[in-house]
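Structure first, commentary second.
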Amino acid sequence: MTNTGLGDSYGLGLLRETTSCDAGWGHNGLVPGYASWALTSKDGRHSAIVLTNVRTFPLSPNLGAALADLAMTAFCDS
Amino acid sequence: MWAPRPLADIGLSHPPLFKPGTHWSYSNTNYVLLGLIVEAVTNDRLGNELVKRIIHPIGLHDTTFATGRQVAAPAAHGYYQGKDITALSGSYAWAAGAIVSTASDLDRFYRALLTGKVVPAAQLKAMESA
């Protein structure tokens with residue numbers, strides 16, 4: 001499935017993101033002022049939560065990609 | 001301040017993006033509709049059901065359903081067009097995004113969800129595969 005920016009695939013309120021180490025399950029979020037990413041592996045070995053305040057809405061493609069990269073890197077380093 | 005039904009009405013005033021079952025697209029309106037279904041089935045406010053079924057049982061001590069004009073302090077300040085909008089009511093998002101939380105509570109929530117402590121196994125499987 002094409003990566004839509006909402007993970008590789010989407011279930012019922014839950015997205016799956018393929019990373020370099022394991023599949024991450026969770027969701028991202030964006031509202032004016034704030035952005036979030038949550039990724040946790042099924043076995044709980046890997047988990048990363050990225051919460052940040054922002055000053056633009058929507059995010060620029062570069063910032064959106066950087067936050068996703070940060071979440072995936074932290075996920076695999078955890 | 002927004003009420004859920006007008007939010008749903010705005011979403012439903014637009015034509016569908018595609019025939020049901022043929023594709024998917026993220027939709028805030030669909031989460032608002034789910035929240036309305038929760039309220040219809042339980043005969044209770046969504047915020048109360050979230051506390052009763054998820055926030056309290058899992059022990060999310062710093063998580064609130066913030067549809068009022070204030071968020072519980074301390075909170076990171078958010079900005080939009082040069083203005084501090086930290087106090088913007090979450091009511092415009094309601095079931096699609098009015099939860100205010102912390103990194104540790106989100107970690108606790110997803111670990112609990114993915115290890116079967118929030119919904120039964122069959123429903124979790126559906127969440128992962130639909």
Side-chain angles (χ1 to χ4, degrees), chain A residues 1-19 22-60 63-64 67-68 70-72 74-78, chain B residues 23-28 30-31 34-35 54 62-63 66 71 75-119 121-130:
Chain A
M1 187 182 283
T2 313
N3 192 324
T4 57
L6 256 177
D8 298 321
S9 58
Y10 199 81
L12 299 177
L14 199 57
L15 66 77
R16 184 181 64 217
E17 187 75 67
T18 302
T19 75
D22 199 353
W25 294 85
H27 213 285
N28 60 358
L30 180 65
V31 296
Y34 303 93
S36 66
W37 260 104
L39 290 175
T40 301
S41 64
K42 284 284 291 174
D43 61 7
R45 270 183 61 198
H46 300 283
S47 186
I49 310 294
V50 174
L51 305 177
T52 181
N53 55 348
V54 294
R55 63 186 177 88
T56 55
F57 181 86
L59 301 182
S60 69
L63 181 53
L67 289 175
L70 176 61
M72 285 189 269
F75 173 81
C76 288
D77 282 352
S78 64
Chain B
H23 195 57
W24 75 276
S25 176
Y26 178 82
S27 166
N28 281 332
N30 283 351
Y31 282 94
L34 286 171
I54 296 175
D62 298 307
T63 298
V71 294
H77 286 233
Y79 299 90
Y80 179 65
Q81 295 186 344
K83 292 194 180 71
D84 187 328
I85 56 159
T86 310
L88 178 70
S89 164
S91 66
Y92 75 91
W94 199 57
I99 286 180
V100 174
S101 190
T102 63
S104 54
D105 269 9
L106 274 175
D107 179 61
R108 187 183 286 260
F109 169 74
Y110 278 107
R111 283 176 193 275
L113 176 68
L114 293 166
T115 54
K117 298 183 179 75
V118 177
V119 296
Q123 278 86 339
L124 179 60
K125 192 155 185 264
M127 290 182 74
E128 293 169 348
S129 56

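Order of the sequence lines sets the chain letters (A, B, ...), proteins ahead of strands, with each chain counted from 1.
Looking at heavy atoms from C-beta onward, A/Leu51 lies in side-chain contact with B/Leu106 at the 4.5 angstrom threshold. With contacts defined as side-chain heavy-atom distances shorter than 4.5 Å, the pair B/Leu114/A/Leu14 qualifies.
Of the two parts of A/Val54, only the backbone, made up of N, CA, C and O, holds a non-hydrogen atom closer than 4.5 Å to a non-hydrogen atom of chain B. Contact annotation for B/Thr102: only backbone heavy atoms (N, CA, C, O) come within less than 4.5 Å of a heavy atom of chain A. In this structure, the portion of B/Leu113 lying under 4.5 Å from any heavy atom of chain A is its side chain and not its backbone. Both the backbone and the side chain of B/Ala76 come within less than 4.5 Å of a heavy atom of chain A. For a residue to count as touching a neighbouring chain, one of its non-hydrogen atoms must lie under 4.5 Å from one of that chain's; by this rule B/Gln123 does not touch chain A. For chain B, the nearby parts of A/Phe57 are the backbone and the side chain; heavy atoms of each come within less than 4.5 Å. In this structure, chain B has no heavy atom under 4.5 Å from any part of A/Thr52. In this structure, chain A has a heavy atom under 4.5 Å from the side chain of B/Leu124, while its backbone stays farther away.
Every residue meeting the salt bridge (charged side-chain N to carboxylate O under 4.0 Å, His left out) condition with B/Arg111, not counting sequence neighbours, appears here in chain and number order: B/Asp107. Residues meeting the salt bridge (charged side-chain N to carboxylate O under 4.0 Å, His left out) test with A/Lys42, sequence neighbours left out: B/Glu128.
Going from atom OH of B/Tyr80 over to atom OG1 of A/Thr56 covers 9.5 Å, rounded to the nearest 0.5 Å.
Taking all atoms of both residues into account, the shortest heavy-atom contact from A/Pro32 to B/Tyr92 is CD-OH, 3.1 Å. Here the shortest heavy-atom pairing between A/Ala38 and B/Tyr110 reads CB-CE1, 3.4 Å. Annotation for B/His77 and A/Tyr34: closest pair C-OH, 3.5 Å, computed over non-hydrogen atoms.
Between the side chain of B/Tyr26 and the main chain of A/Tyr10, no donor-acceptor pair closer than 3.5 Å is present.
Per-residue counts of heavy-atom pairs under 4.5 Å with chain B were compared for A/Val31, A/Leu30, A/Val50; the largest is that of A/Val31.
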